[in-house]
Amino acid sequence: MSEFRTAKGGRICRKTPLNFSFDGQSYAGLQGDSLASALLANGVHFVARSYKYHRPRGIMSAGTEEASALVGIDRGKGRFDTSTRATTQELFDGLKAQSQHCWPSLKFDVGALTALGSPVMSTGFYYKTFMWPKAFWEWVYEPILRNLAGLGRAPKEMDPDNYSSIHAHCDVLIIGAGPAGLAAALAASQSGSKVILVDENNEIGGDLLNCPIAQIDGTNSWDWLAETEKQLASLPNVTILTRTTAFGYYDQNFIGVVQKLSDHLGSLENKPDNKTLRERLWKVRAKRVVLATGSIERPLVFAGNDRPGIMLATAAKTFLNRYGVKVGNRPLVITNHDSAYESAFDLAEAGVEVAAIIDRRAKISSKLVEQAGKMGIEILLGHTIVQTSGKHRVCSVRAAPVGENASIRKIKCDAVLMCGGWTPSVHLFSQSRGTLTWRDDIGAYVPNNYTQDATSVGACNGDFLMSQSLNKGAVAGLEAAVSAGAKAPKSTSYKVVNEALTSDIPVEEIGIFSTIGEGKAFVDFQHDVTAKDIGQAVREGFHSIEHIKRFTTTGMATDQGKTSNLNGLAIASAALERPITEVGLTTFRPPYTPTSFGVLAGYSRGDLFDVTRKSPTEKWAEQNGAVFEPVGLWRRARYFPKTGENMHEAVARECKATRTSIGISDASTLGKIEVVGPDAAEFLNRIYTNPWSKLGVGRCRYGLMLGEDGYIFDDGVVGRLSEDRFHVTTTTSGAPRVFARMEDYRQTEWPELKVWLTSITEQWAVIALNGPNVRKLIEPFVEGIDFSKDTFPHMAIREGMIFGVPTRLFRVSFTGELGFEVNVPSAYGLGVWQRLMEAGKKFDIVPYGTESLHMLRAEKGYIIVGQETDGTQTPDDMGMNWAIGKKKQDFIGKRSLVRSDMLAPNRKQLVGLMTNDANIVLDEGAQIMGEKSNVIPAKMIGHITSSYWSETLQHSIALAIIDGGRARMGEEIYISMPGGFYPARIVDPVFYDPEGERLNV
Amino acid sequence: MLLIDCPYCKEMRPEVEFSHAGEAHIDRPADPSSLSDEEWESFLFLRSNRAGICFERWYHIHGCGRYFNAVRNNVSEKFILTYPAGQKRPSDAQIKGALS
Amino acid sequence: MSEQIETTLNPFNPLDDMNLDAAQGPDLIMRPIENCARFNLRISIEQLKKAAAAFGMDIPDSVGSMSSRAEKYALCLGPDEWLLLAPQKSADEIITRFAKLAKNNSHSLVDVSHRTIGIEISGSLAQLALSAGCPLDLENMQIGRCTRTILDKAEIILMKLEQQRYRLEVIRSFAPYVWSFLEKSGQDARA
Amino acid sequence: MSHFSLPSLVANALGSNKGWTKQWAKPEPKANYDVIIVGAGGHGLAAAYYLAKEHNITNVAVLEKGWLGGGNTARNTTIIRSSYLRDESARLYDHALGLWEGLAQEINYNLMFSQRGAMALAHTVHDVQALKRRIYANRLNGIDGEWLSPQQAKAFCPPLNISTDARYPVLGAGLQRRGGVARHDGIAWGFARAASARGVHIIENCAVTGINRAPDGSVTGVETTRGTIGAKKIALSTAGNSSMLLDMAGIRTPIECFSLQALVSEPIEPIFPCVALSNSVHAYISQSDKGELVIGAGTEQYFSYSQRGPLHSVEHTVAAICEMFPIFTRLRMMRNWGGTVDVTPDRSPILGLTPVPGLYINAGWGTGGFKATPGAGHLLAFTIANNVPHDISAPFSLKRFQTGNLIDEAAAASVAH
Ligand SMILES: Cc1cc2nc3c(=O)[nH]c(=O)nc-3n(C[C@H](O)[C@H](O)[C@H](O)COP(=O)(O)OP(=O)(O)OC[C@H]3O[C@@H](n4cnc5c(N)ncnc54)[C@H](O)[C@@H]3O)c2cc1C
Ligand SMILES: NC(=O)c1ccc[n+]([C@@H]2O[C@H](COP(=O)([O-])OP(=O)(O)OC[C@H]3O[C@@H](n4cnc5c(N)ncnc54)[C@H](O)[C@@H]3O)[C@@H](O)[C@H]2O)c1
Ligand SMILES: Cc1cc2nc3c(=O)[nH]c(=O)nc-3n(C[C@H](O)[C@H](O)[C@H](O)COP(=O)(O)O)c2cc1C
Ligand SMILES: [Zn+2]
């Protein structure tokens, strides 16, 4: 056993030794240790380097407030965790820890040379230099600065772990399982209320874990704790979550909570498939929240207060009582608050020689003096520390009477325990947007006005006695249960003997700092912000506390100022000569402690990152080698290459087959809405630009939909199934917004219309068949539909059966060929497709994807909303005035079409382009110029919206929008692309079969 | 995640079931074509956008499928009232009442 | 349109190709529900009684309620929206009876039998698996209630049949995603 | 104003850093000014600086209700680029980018402007089309832009996952090398210092509560929490609060305010050498010189002035980052905050005259105005000084919403930041 491990006591398991290493050196620890306690048990204090000056740093706390002792934890491939607090990392066998932010080693760190320049590197120095010569910023200064910065190691490998999340609901959420939280849980749970109790530590108890000598209602505190735990665990309505941090308090009592499930476990590599559930995000909605988050001890600000071995007084007490570790053989205490005496006495009791207690106060209670006397501990009243020594660990301090630099006395020690009073942990309360009030007696802010259904109890509310925590916790638990709807349960009160000492703290004592000469007195230990830095910021005119924070970066490190903010505030208040209450506070923001990206992403990784919607025939496409593209959430077949074919070859073949015989493609992803009711036609009249009343039953029409701003919003074919029933189709990605928009107008603008909407997108699989032989292919398999050319004309819809399943058969065409769209119930989409492929063999049927679809329609000059349009085109711009029902009084967007800029003469209009060189396929998105000119900025008159090689025409074709394009037919224009200006002629956008004869076969 | 009291479901439901649908009580003019450019601009684009109490529309898209209105404080994010579409804008007195 | 299909084609369910056993255990049982007839009914509340007669059983009138009888369910999803579920063989009859009703009582009945895939999830971990993606308080949801809601990134219709048994109606193309999600969250619920 | 330089740092170091003086003066407000600028964000302070420097108008006050630079200037993800699609926008943002390029030297303040390249990722065929269109237009507008293959994108940004079986595979990227980031606070403090040195009064903790008008309708001054202050001209540069200020002058606006969230990771060694933005996956990211990854989300769906947002947006944003950069899952979020963004229907700003004589407006920059800071200030100063809009800002008039000549950057699927 090491010389720093006590012989007995603590909550570690002495029977279970663990091996671990730090920077390659092996050590032994015990089950129940934290990495910090295990290092201290081995006499290791120096574990880190600070951010800016690379100063040696030790372990300053025993909990989550740790600002200094950040290390890397290596748990094998992909499991390296950077900037982990040694104080919260539980020890496991084989743990490997590394120091960070130092090179080549912790002890010999080249970066520490920066400390030489530290006077020049005064706060905010980087705003004032590195500007000359100008180019040096990019090439010299910034790269150097960047390499100096960045605390932790950057990740290099994929993380093998899993993360999960869950929504939880409860009557009472209790955050913090110290005496206050436990008493609240006991009280709240009696009535059967659903209670969730969370604590960030690996076991419940909070401060009880450091106070074995206290007695609660006559029971030893640890026995009381064990009893309480047993009782709570036996209740089905109570969930206790340890290693679980409430990190964010959001609106309406919604709390983000992270549970750590495996960071405390040993090697994970031999787990099956090397996967572990690492963390779980609990998204808790609580009827009532009890905040029992305790308080954080404040460091004192004196010169050299950052040497390894200098730590918070409670930390020493925790290491002793909880972990059975003495932080030194000759610790010295510096304080302005009674609670530090507790640490001194406990250590003395354990046989440690306490060098002295230096108390900044001139007077303290006689009881303390007496007790110290009994234990042989010297007290220096009205003294402070003005300097410390020790290269890698504190070895002595210089003490002097407060305010003087005379009568300096050097005291040898190997640890310094500091206490500057206590700061209630109001982080979550403040996040909930409660407001705080200042309490002079404790020198801290406490909760005042609540804006959510919550209450704060115990130390986080400024009540620092264990008895107060227990009793107020019990009352809060009761109230919470009642307000959450439980019947009034019975109340409890607790008596505590031997509870910790507490005292008031004079306001002027907070944040006061002492130094001789130029010694650095640190406020923010991680960001190396000193008391003088704050003074300098104030001198430079940074008077708002928010400015001071940002200029000095105090409180902006990974601990978010848990131990430093109040000291910083007090020092600023003195520098500004303004009372602390007028200085204000910076904003508390989530997370309470750093929260992994993995747990925030939760299930949204890999395949579950987003839904992939697959069409009914996707399985066939997959099996037949389709190449897919994402369209919205859908995955659609883009083309079907045969072996050795590239996309262009495949598309050329697919298009050719469609124009000469039959092409088949899946159009199931198109949005579909069934519009039913006596007013259905009138409803569509108002939604679309087109008129609908006169559309005959069994007929279809292309419909165009605008936004109220007059721009094209969506389009699609609408078929009339009966007087009061329409089958509407929309674009694939527009489907949800079109449905939402239709519902909106139906419900809120025209509630008088008798019409209803049903989304039927996924009720129907849609197989589009195009080509001169299509009728011949399907006719034999269809029942109940007369197929003759005249009874079933172009733009008609019929209902019947195909292959024995019901169909809504549209005769429509997006290719310019004879076309049918076979709608069948989705489950039969695949079967029908397979049958059609089978039957189509004799026509050399060819499946085609979205790419050919786009090509075929471009030859016909049909637009695609979102490709030819970008949300700023009117129907007239697209040459689609024919789609506007001129006689209609109104439709969505009509009024906007007559705003002056919408009628402007030179608007961009849709045209076709034919390149002079048939083989040049223009780039989509390329810009068009009226003349060849290298002047920049150039005058652009439009851009290419679609462009393809047309196999049919043996010529490249393009669609474009061009300033006043329709009046410029035949004009030569130039497309600027890499390689130069490509000339092309403006032509009609319909390239193929302008008379539409092929539709009427 | 906000909790929203849907006046149709008559339940408090989580924000992710809803989509926000803009400012409330902007009635579409009966005959847009008769409006001046200024009046039409006002309908299309001009909004109250004040900090504090706001009137807004929500769509219970993944719930009952209904559009409805809400009065909410957009600084504290607290809902004050929700009510069916088509119902008149609540009076200041009603809002005060709901707040107390 | 008739749903009583006599065809030699096999209906295809997007869950067919998945390994459906991965999630199973005594504490969590997931299974696709056999095909059935589904109708979206929109009608004014005053005429609901007549619709009930046509459907052949009571149809509840408050949002979130559900009635059931002999493999038939009527779910009130919105103030004027119902989902009717029935055995496939009764589809024709339902269509005919509503068609008769339509003569004097305008309404909308739309066949959506194929729009969604039914999934039943039961067992002691069912609620946990669902809660991973569903923000509702499922424990306090009453048996016999139903609602449209969200499961992670998918919209679902959720029916609570027993304390530990739920039925989901999931839009067809979302079904594999929902299944995979529940499979994963179910495994985590065990961990 | 003392000059900042390495020698000045050394000199001050020798004096124990006690010799530093206020970076900007703290005067009491005067009764009257020639020009009042409401809002000491980056934009307002820049306008004051350029009024003094280029138009010789120094009898100027910038009134700020809180601490200067504490609005969106303090809370943005600092992305700077000029790769906007529309000609009007391209000119506007490139004007600003041009000013950024020499600014640190001009105002003697290191803004840590780092032109490390802004890369927009394409994940769908449609993204590819939209980004290529933008690059084509940019280049003819004199704005650098290049198309990167997935492999080139990865070489430029090594943490990027370009695996083809990702849910949103990277199909390529549009890169503007002149794009980058700068220190958000620096620009506010730097302009404040430079403006103050030229005699501009910067008055903090002074909220404007009313706009006073003469019988002819023209402005005469403002009511503030520190009393009435007279002015011949008033410019509003109050970002998220613009609707309320314009209300004071009886002007209704096409602006709506939403929360926009951002977050930073714990600081790590340099790993992310550029700015990456993704419209389809919905997140954007860069690494600050201090080492935090700076990550931005999309705007929240509901109206808000709360400067915060819900957890689920953060979950979504972080998931998006991990989708594109999967090695980041073990990094931790250190702080998360929100700002109030003022969004116009076409996602383009409003900069120019108002119907009230003597009242000017600069607003509606929404999610993307940090990059415009010097440019917006420069153009606003011109407009105030000459009482006519500058050529570059003329298209961004308030009037466009009436006539229909919107400058729609959103519809063009351009990336918002
Ligand atoms: C999370 C987030 C990320 C962003 N990311 C980017 C990005 O990456 N790139 C980019 O270019 N842009 C980004 N933006 C947008 C950018 O921050 C803003 O457009 C820009 O900072 C606006 O600057 P400003 O000076 O106009 O406004 P602000 O900095 O907001 O200044 C306005 C000032 O007016 C003051 N004020 C308001 N009302 C009054 C009153 N009545 N009296 C006196 N003073 C008043 C305010 O207090 C404030 O200080 C982002 C914004 C947010 C919130
Ligand atoms: N002597 C003194 O002056 C003094 C001062 C302060 C506190 N104390 C002692 O501290 C105790 C106070 O009891 P208490 O119950 O109020 O506090 P506590 O400190 O005992 O318990 C608070 C618990 O909440 C946990 N916690 C804090 N924030 C959390 C979060 N966001 N998520 C999850 N867990 C979180 C903490 O880790 C801790 O375990 C008493 O025993 C009291 O004597 C003494
Ligand atoms: C680019 C950028 C980087 C930031 N880096 C940090 C940081 O390293 N540490 C930190 O605590 N906050 C950081 N912040 C956040 C600020 O602390 C603060 O949250 C933000 O300015 C909003 O102000 P508020 O939270 O006080 O409302 C950063 C903010 C920005 C804009
Ligand atoms: Zn609802």
Side-chain angles (χ1 to χ4, degrees), chain A residues 81 83 119-120 122 125-131 134 142 145-146 149-155 158-159 248 250 256 536 539-541 544 546-547 550 558 589-591 594-598 600-601 604-605 609-610 629-630 870-872 899-902 924-927 936-938 940 943 976, chain D residues 4-6 8-10 13 16-17 20 22-24 67 70 104-105 109-110 114-115 124-125 129 132-133 136-137 140-142 167 185-186 266-271 289-291 310-311 314-315 318-319 321-323 326-337 403-405 408 411-412:
Chain A
D81 289 309
S83 296
V120 176
S122 60
F125 73 99
Y126 33 80
Y127 293 113
K128 299 173 181 164
T129 181
F130 305 132
M131 287 176 274
K134 192 177 157 196
E142 194 186 26
L145 273 186
R146 293 197 89 195
L151 204 52
R153 198 179 96 178
M158 293 288 279
D159 175 2
Y250 300 88
Q536 183 191 329
R539 275 196 295 287
E540 289 201 56
S544 158
E546 297 283 7
H547 278 152
R550 288 166 173 80
T558 64
R589 295 278 191 183
T595 302
S596 79
F597 282 11
L600 290 168
S604 298
R605 293 168 69 197
F609 175 69
D610 211 344
E629 66 159 328
D870 64 12
T872 60
R899 291 184 295 166
S900 58
D901 282 320
M902 310 288 259
E924 285 170 355
Q927 296 291 320
I936 299 285
M940 292 168 259
H943 77 278
S976 164
Chain D
F4 286 160
S5 62
L6 188 58
S8 81
L9 279 167
V10 172
S16 309
N17 285 308
W20 296 110
K22 289 196 181 66
Q23 295 201 6
W24 60 89
W67 41 286
Q105 288 72 21
Y109 215 90
N110 189 349
S114 167
Q115 291 180 288
T124 64
V125 175
Q129 288 165 345
K132 284 198 171 164
R133 175 182 173 197
Y136 273 120
L140 291 173
N141 272 322
R167 174 62 185 82
D185 294 323
E266 293 181 323
I268 50 169
E269 291 160 358
I271 183 173
D289 281 342
K290 203 165 116 284
L311 175 60
V314 174
E315 291 176 63
V318 171
I321 292 296
C322 294
E323 164 73 5
I327 58 170
F328 288 172
T329 47
R330 290 180 97 89
L331 295 179
R332 306 185 192 99
M333 171 168 88
M334 175 166 82
R335 188 173 172 98
N336 162 223
W337 66 92
T403 61
N405 199 7
D408 203 323

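Just so we're on the same page: letters track the sequence lines, and every chain starts at 1.
- Using a 4.5 Å cut-off between heavy atoms, D/Arg330 contacts chain A through both its backbone and its side chain.
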Between D/Arg332 and A/Thr595, does a side-chain contact (heavy atoms from CB on, under 4.5 Å) hold up when you go through it step by step?
CA-CA 5 Å; D/Arg332 306 185 192 99; A/Thr595 302; 5.7 Å; no
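- No other option in D/Gly291, D/Gly142, D/Pro270, D/Ser8 has as many heavy-atom pairs under 4.5 Å with chain A as D/Pro270.
- A/Phe597 and D/Cys322 get closest at one heavy-atom pair: CB-SG, 3.8 Å.
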May I have the step-by-step check of side-chain contact (heavy atoms from CB on, under 4.5 Å) for D/Asp289 and A/Glu142, ending in yes or no?
CA-CA 8 Å; D/Asp289 281 342; A/Glu142 194 186 26; 2.7 Å; yes
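- D/Asn17 and A/Pro119 make their closest contact through ND2-O, 3.0 Å (heavy atoms, listed as atom of the first residue, atom of the second, distance).
- Counting heavy-atom pairs closer than 4.5 Å to chain A, the top-ranked of the candidates D/Val10, D/Asn336, D/Thr403, D/Leu6 is D/Thr403.
- Proximity to chain D (any heavy atom under 4.5 Å) is restricted, for A/Ser544, to the side chain, taken from C-beta onward.
- Taking every heavy atom of both residues into account, A/Thr558 and D/Met334 meet most closely at CA-SD, 3.5 Å.
- Between chain A and the residues D/Ile321, D/Asn141, D/Leu311, D/Asn405, the most heavy-atom pairs under 4.5 angstrom are made by D/Leu311.
- The heavy-atom pair separating A/Met131 from D/Phe4 by the smallest distance is CE-O, 4.3 Å.
- Most heavy-atom pairs under 4.5 Å with chain A: of the set D/Asp185, D/Thr124, D/Val314, this distinction falls to D/Asp185.
- Looking at A/Gln927, both its backbone and its side chain come within 4.5 Å of chain D, counting heavy atoms on both sides.
- Although no hydrogens or angles enter the test, the distance criterion places no donor-acceptor pair under 3.5 Å between the side chain of A/Arg605 and the main chain of D/Pro326.
- Ranked by heavy-atom pairs under 4.5 Å with chain D, the list A/Met158, A/Met902, A/Glu546, A/Arg153 is led by A/Glu546.
- At a threshold of 4.5 Å between non-hydrogen side-chain atoms, the residues D/Phe328 and A/Pro155 count as touching.
- Of the listed residues (D/Ile327, D/Val125, D/Leu140, D/Ile271), the greatest number of heavy-atom pairs within a distance under 4.5 Å of chain A belongs to D/Leu140.
- With a threshold of 4.5 angstrom between heavy atoms, A/Glu924 approaches chain D through its backbone and through its side chain.
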